[in-house]
Amino acid sequence: MNENHKVIEIKDDDDEQSSPRGVLEITVSGSDSDNHSSLSRCLSSRGSSFNEKSPEVDGDGDSATGDEEDGGRAGLISTSSVAQALRWRNLVCNLKWKSFKRFSTVPLVAGYELSRKSLMRRLGKQHNDDVTIDGVNWVVPKPSWRNFTLEELAAATDCFSPDNMVGRGGHAEVYKGCLPDGQLVAVKKITKKEKKDEDRVEDFLSELGIISHINHPNAAHLIGFSSDTDLHLVLQFAPHGSLATLLHNSEERLDWRVRFKIAIGIAEGLRYLHCECHRRIIHRDITASNILLMEDYQPQISDFGLAKWLPEKWVHHIVSPIEGTFGYMAPEYFMHGIVHEKIDVFSFGVLLLELITGRRAVDSSRQSLVIWAKPFLEQCNIKELVDPHLDGYNMIELKRAMSAASACIHHLPNVRPNMKRVIQMLKGERSEPKPKTGGGRALLLDACDLDDYSSTAYLKDLDRHMELVME
Ligand SMILES: Nc1ncnc2c1ncn2[C@@H]1O[C@H](COP(=O)(O)OP(=O)(O)OP(=O)(O)O)[C@@H](O)[C@H]1O
C-alpha cells in the first residue's frame, strides 16, 4: 500500500454502498515486471467481471460468447468492427508498462507510461499489418469506436478551421466536425503544451480508458479517437455547448424548468459514475464548463481528464499534485488531496448553487460562491439566493435544490449525502439526508482529523486557499 495512505475504515450499509461489486483491482508496486504481471492479472480478471457488457475476442480472433447475452451482442458485431476491436486490443497489448507513480492501482489503461514516439510507431504498424492475436484472453470494450486518421478529422473540421473551434480548455481545443454520414462530432485535440510527450500520452490514454467504459445518457459519449500525429478524442457533439457558457456568457436565459432538469441529469450521471458504472469513477472536475448540453438540454458530464478509478474496497485515495478547479474543490481534497465520491458531491453542490443563483463558482471579485451562499442557505433566504434573472420558479423544487446544495457543500465529507440520496432529495423522495451516526461508508483519517474540522475553520481555509491560488 502507498505510504501516503493513512488509517482508513470502511463501514458499509446497503444504502451507502457506493461501489460496484465484482470488480478486481490489482495493487501495483515495485518494478516494471511486477506491474506487467499485475496488468495481466488485471486484464484477465476484467474478463470475468466484464463479460456481460463486452464481447470477448478469443485467441483465433473470433467473438467468444460466454453467455447468451454476449452471444447476442457478438452476433451484431460487423467484421470491420471486430477488426477494429482487434486493432484496439493489439494497440493496448503492445504498450509498454512502467511503474505507476500517482496511484498505486492500475485499472485498465490508467497507468500507462509510454513514449509518444513508440506509440505512434506501434500505431503506424497497426494500420498496415494484419492483426496478430497473441492468445491473451482479455475483453475488448466497445468495438464500435473508430480509429480516425488525421485526414478524416481534418476533412470533418475543415482542416481544424478556427471557425469550427467551439471551446478551449486548459488541456485541449475542441472543434465541431461533420462526418461523411452527416453525424456531428466534437473533435477534442489534446494540447497540454506544458506537459512532456509521455505525460500527454499517459493522460490521453487515461481519459480514453475511462470514457470508453462509460455508457450513460448523462455522460460524454465516445465515438472514436486518433493518435495520428496528434492525440484526439472524437465525441458526440453537444449542440447547446457548456452549461458555463449558457449560464454566464449568453443572452439566452435558462428558465427554472430547464435548470432543474439539468440538475437532475447531472446527479443521475454522477450516480452512474459512482455506483452503477463497471468501476467506481471519481470525476474530480465537476464544473459548469464540464457539463455539456445536448438536444433538449439533456446534460452530459464531460472532460474525464482528471477522472480516477477507485477500487471498490478503498474508501478513498490520496493524490498529489492536487488538480481541479478552484471554487468547486472540497476542503479535504484541496487541503489533503483526498479523493473519494464525496469530492464530486461537493462540486455538484456548487453547481446546484450556480443553477439557483446564476452566480459563478468564483466571481470577478474573487468571492467564492460557497462562502457567499452559506449564510443565506442557513437562513433559507430565497430572496437573496435566487437568480434575479429568473422569471419564475417552482418553489417546491427550488427548496429541494437549496437543501440538497446545502447538504452537498457540507465541510465534513461523511455528512454529505451520496448521489443516490441527492437524487432522492431533488425529487422529493426524501427530504433530509440520513444523519450519520457511525453507519455507512465512514471516512476516518488519522492524517487529518476532519471530524474536528468546523464550518468556520473551513471557511477560513477556503479564504486562505483562494488568496494563495489567486495571487
Ligand atoms: N462534445 C462537445 N460538444 C460541444 N462542445 C464541446 C464538447 N466538448 C467540449 N466542448 C467545449 O470545449 C470546452 C473545452 O472542453 P474540455 O473541458 O473537454 O477541455 P479541457 O482542456 O479538457 O478542459 P479543462 O481545462 O477543464 O481540462 C468545453 O467547455 C465546451 O465548451
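For ligands, and for the atoms within them, numbers begin at 1 and follow the listed sequence.
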Per the under 4.0 Å non-hydrogen criterion, ligand 1 touches Val166, Gly167, Arg168, Gly169, Gly170, His171, Ala172, Val174, Ala186, Lys188, Gln236, Phe237, Ala238, Ser242, Asp285, Ser289, Asn290, Leu292, Asp303

| message | Contact between His274 and Lys420 at the side-chain level, heavy atoms closer than 4.5 Å - yes or no? | response | no

Those residues at least two apart in sequence (or on a different chain) that pass side-chain contact (heavy atoms from CB on, under 4.5 Å) with Arg359 are Thr357, Asp363, Leu369, Trp372

Residue pairs meeting salt bridge (Lys or Arg N to Asp or Glu O under 4.0 Å), one or both in residues 256-269, sequence neighbours left out, come to Arg259-Asp387, Lys261-Asp296, Glu268-Arg271, Glu268-Lys427

Rounding to 0.5 Å, atoms CZ (Phe304) and CG (Leu273) come to a distance of 5.0 Å

Quiz prompt | Close side-chain approach of Leu310 and Ile281, heavy atoms under 4.5 Å | solution = no

Salt bridge (Lys or Arg N to Asp or Glu O under 4.0 Å) pairs touching residues 401-414, sequence neighbours excluded, are none

